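Here is the structure we will look at, set down as structure tokens.
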Amino acid sequence: MTNSGGFSTNSPQSAWSTDVIIVGGCGHVGLPLGIVLADRGCRVVLYDLNKAAVDLVNDAVLPFDEPNAGPILRRVIDDGTLRASSDPLEISRAESVVVVIGTPVDEHLNPDLFAVPNAIDALAEHLVDGQLLVLRSTIYPGVTARVEMLIAALGRTVDVVFCPERIAEGKAMEELASLPQIISARNEQGFERAERLFGAIASETVRLAPEEAELAKLFTNTYRYIKFAIANQFFMIANDYGLDFDRIRTALTRNYPRANDLPGAGLAAGPCLFKDTMQLAAFNNNGFTLGHSAMLVNEGLPLYLVSKADDRFGLAGRTVGILGMAFKSESDDIRSSLSYKLKRILRFRAAEVLTTDPYVTTDPDLVSLEETLERCDLLFIGAPHAVYRHLAPTQPMVDVWNLFGNGVVV
Ligand SMILES: NC(=O)c1ccc[n+]([C@@H]2O[C@H](COP(=O)([O-])OP(=O)(O)OC[C@H]3O[C@@H](n4cnc5c(N)ncnc54)[C@H](O)[C@@H]3O)[C@@H](O)[C@H]2O)c1
């Protein structure tokens with residue numbers, strides 16, 4: 001279905017004082033969604049347990065960086081279409097309840113199957129008949145059915161739908177409007193209500209059954225994670241023979257459409273790709289050789305780089321710097337960043353490790369770029385922020401991203 005136009009409530013005389021409440025609304029997915037919905041005329045409340053983030057949002061301040069979101073947040077806060085709250089009583093006033101809390105895997109790579117059902121159970125007394133309950137977190141397959149059972153056991157008449165978020169952090173404001181929205185529901189009423197909600201923002205909607213949609217989201221992230229792993233494995237193969245993978249990649253992708261989606265090498269990290277690949281593996285009774293291999297390659301890259309650098313430059317007694325601690329370029333998000341794994345390994349081998357990042361504000365151990373350049377004997381690029389491109393460091397550089405265009409051989 002192709003969409004156009006702004007938001008309209010279920011009925012002209014809607015009794016709801018809020019159109020949409022977003023549970024987890026001050027997070028990386030909830031906040032851009034709320035801003036965009038409010039910008040289309042929808043009355044939005046962001047419900048979040050993080051009171052510091054709630055206060056920031058109500059002051060029209062983004063708790064994290066999301067390009068182009070700031071001015072629209074200011075506008076929708078000022079005109080009263082968006083506000084944030086930690087009061088669960090807000091939930092019963094909303095026609096649609098969107099749940100987009102975090103769904104991490106634990107330290108043993110097991111998904112928390114109950115993260116979303118438990119959060120909904122905790123709010124159950126505030127759910128009321130006639131609401132639309134939208135699951136938007138990336139969930140373990142079967143969670144939608146579990147939530148449906150939970151709602152049935154409560155005796156509530158609530159339409160449950162699963163509509164996964166597929167934006168990339170840093171591109172939310174453009175991608176919420178440009179990406180097709182996968183909509184899944186158990187019946188026509190659920191489909192139509194979800195299409196009405198997302199029709200306000202998405203370019204088109206695509207229907208699937210809930211179990212198909214749960215897998216569609218996991219396949220989306222896993223596919224990307226495996227593509228990064230292929231690039232990283234190719235890099236290691238070429239590098240072990242003293243050859244420059246990026247030079248080879250540039251040649252093989254040139255005017256050759258069948259390979260032009262081969263990414264460059266780099267630290268494939270962040271809060272989604274790895275954990276969703278592990279969610280899929282867990283769902284498939286851990287029978288996911290390709291996914292586990294991708295994990296070994298991507299998670300093994302920091303140690304590979306350090307070992308190669310140690311062989312070539314000798315790390316003992318040296319001061320080593322990492323430029324960029326966010327999990328990807330132009331981001332302030334350090335969640336599951338492999339730069340920190342790199343740091344841990346380097347600290348074991350080198351005398352001292354200095355870390356720097358122009359965007360990250362949540363790590364008290366960071367030092368300035370100037371100090372890093374002045375004091376370090378060797379530099380690693382952790383996150384390929386564009387601001388580093390203009391540097392001309394005098395010390396050796398481990399640049400797996402080929403940010404400096406000098407090749408990636410270590
Ligand atoms: N970050 C991304 O780019 C991205 C993209 C697509 C999908 N996702 C998925 O979206 C979900 C959320 O990810 P995120 O990056 O926004 O996480 P996040 O940690 O940035 O945001 C989650 C928010 O939920 C709040 N919260 C947690 N439990 C709550 C509860 N019981 N009630 C109210 N608020 C609660 C937290 O305080 C936080 O603000 C995950 O399932 C993730 O896999 C993330």
Side-chain angles (χ1 to χ4, degrees), residues 21-36 45-58 62-67 69 84-91 94 97-105 111-127 133-141 143-144 147 162-176 179 181-182 202 213-214 216-225 268-280 326-328 330-337 362:
I21 189 160
I22 303 179
V23 177
C26 293
H28 290 79
V29 164
L31 182 53
L33 176 67
I35 292 172
V36 171
V45 172
L46 307 172
Y47 170 71
D48 205 296
L49 300 179
N50 182 342
K51 290 197 170 56
V54 164
D55 289 344
L56 283 173
V57 170
N58 281 329
L62 293 168
F64 47 83
D65 188 33
E66 185 60 53
S85 172
S86 291
D87 180 0
L89 293 176
E90 296 274 3
I91 287 170
V97 182
V98 178
V99 178
V100 68
I101 63 166
T103 49
V105 291
D112 179 356
L113 314 187
F114 295 97
V116 168
N118 284 349
I120 292 171
D121 199 24
L123 299 171
E125 62 180 304
H126 306 293
L127 293 175
L133 178 59
V134 182
L135 310 183
R136 192 155 178 79
S137 303
T138 305
I139 50 178
Y140 184 83
V143 164
T144 306
V147 170
F162 171 59
C163 305
E165 178 60 84
R166 294 195 297 162
I167 53 136
E169 264 181 60
K171 295 190 173 167
M173 301 309 285
E174 101 195 37
E175 290 192 344
L176 275 164
L179 295 182
Q181 175 63 53
I182 291 174
E214 289 170 339
K217 172 61 198 184
L218 292 183
F219 287 172
T220 302
N221 279 3
T222 300
Y223 182 55
R224 194 161 156 76
Y225 191 65
C272 291
L273 302 188
F274 173 31
K275 68 102 175 164
D276 289 338
T277 305
M278 293 304 103
Q279 289 212 83
L280 185 55
F327 82 85
K328 66 176 181 178
E330 321 317 317
S331 169
D332 64 355
D333 192 348
I334 58 171
R335 291 179 299 166
S336 304
S337 168
T362 48

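Just so you know, these numbers use all the heavy atoms, side chains as well, and skip hydrogens, waters and symmetry mates. Whatever order the structure lists ligands and atoms in, that order sets their numbers, starting from 1. Because the structure is a prediction, the values reported are computed rather than measured. Numbers here are sequence positions counted from 1.
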Has the side chain of Thr103 got a donor or acceptor atom that lies under 3.5 Å from a matching backbone atom of Thr138? yes
Would you indicate which of Asn50, Asp48, Leu33 comes nearest to atom 38 (C) of ligand 1 when only heavy atoms are counted? Asp48
Short side-chain to backbone donor-acceptor contact, Glu175 and Ala168, under 3.5 Å: yes
With nothing but distance in play, are any N or O atoms of Lys217 less than 3.5 Å from an N or O of ligand 1? no
Examine distances only and state if a side-chain atom of Asp48 and a backbone atom of Cys26 form a donor-acceptor pair shorter than 3.5 Å. yes
Ligand 1 and Val29, any nitrogen or oxygen pair closer than 3.5 angstrom? yes
Asp332 (side chain) donor-acceptor with Phe64 (main chain) under 3.5 angstrom: no
Short question: side chain of Lys275, backbone of Ser336 - any donor-acceptor pair under 3.5 Å? no
Enumerated ligand 1 atoms positioned under 4.0 Å from heavy atoms of Lys275: 41 (O), 42 (C), 43 (O)
Is it true that Cys272 lies under 4.0 Å from ligand 1, counting heavy atoms only? yes
Do any nitrogen or oxygen atoms of Asp276 lie less than 3.5 angstrom from nitrogen or oxygen atoms of ligand 1? no
Of Lys51, Glu169, Glu165, the one whose closest heavy atom lies nearest atom 7 (C) of ligand 1 is Glu165
Say whether, by atom type as modelled, one donor and one acceptor occur between the side chain of Lys328 and the main chain of Ala269 under 3.5 angstrom. no
What is the nearest protein non-hydrogen atom to atom 18 (P) of ligand 1, stated with its residue, atom name and distance? Arg335 NH1, 3.5 Å
N/O separation below 3.5 Å, His28 to ligand 1: yes
Which atoms from ligand 1 have a heavy atom of Val23 less than 4.0 Å away? 32 (N), 33 (C)
Test item: Glu330 and Asp65 side chains (from C-beta on) under 4.5 Å apart, heavy atoms: no
Under-4.0 Å heavy-atom contact with ligand 1, by part of Arg136 that carries it: neither
Suppose I only count heavy atoms of Thr103 and a 4.0 Å limit; which atoms of ligand 1 are within that range? 40 (C), 41 (O), 43 (O)
Which ligand 1 atoms are under 4.0 Å away from a heavy-atom of Ile101? 11 (C), 12 (C), 24 (O), 26 (N), 27 (C), 28 (N), 29 (C), 30 (C), 35 (C), 40 (C), 41 (O)
Could you tell me if Glu214 and Thr144 have a donor-acceptor pair between their side chains, going purely by distance under 3.5 Å? yes
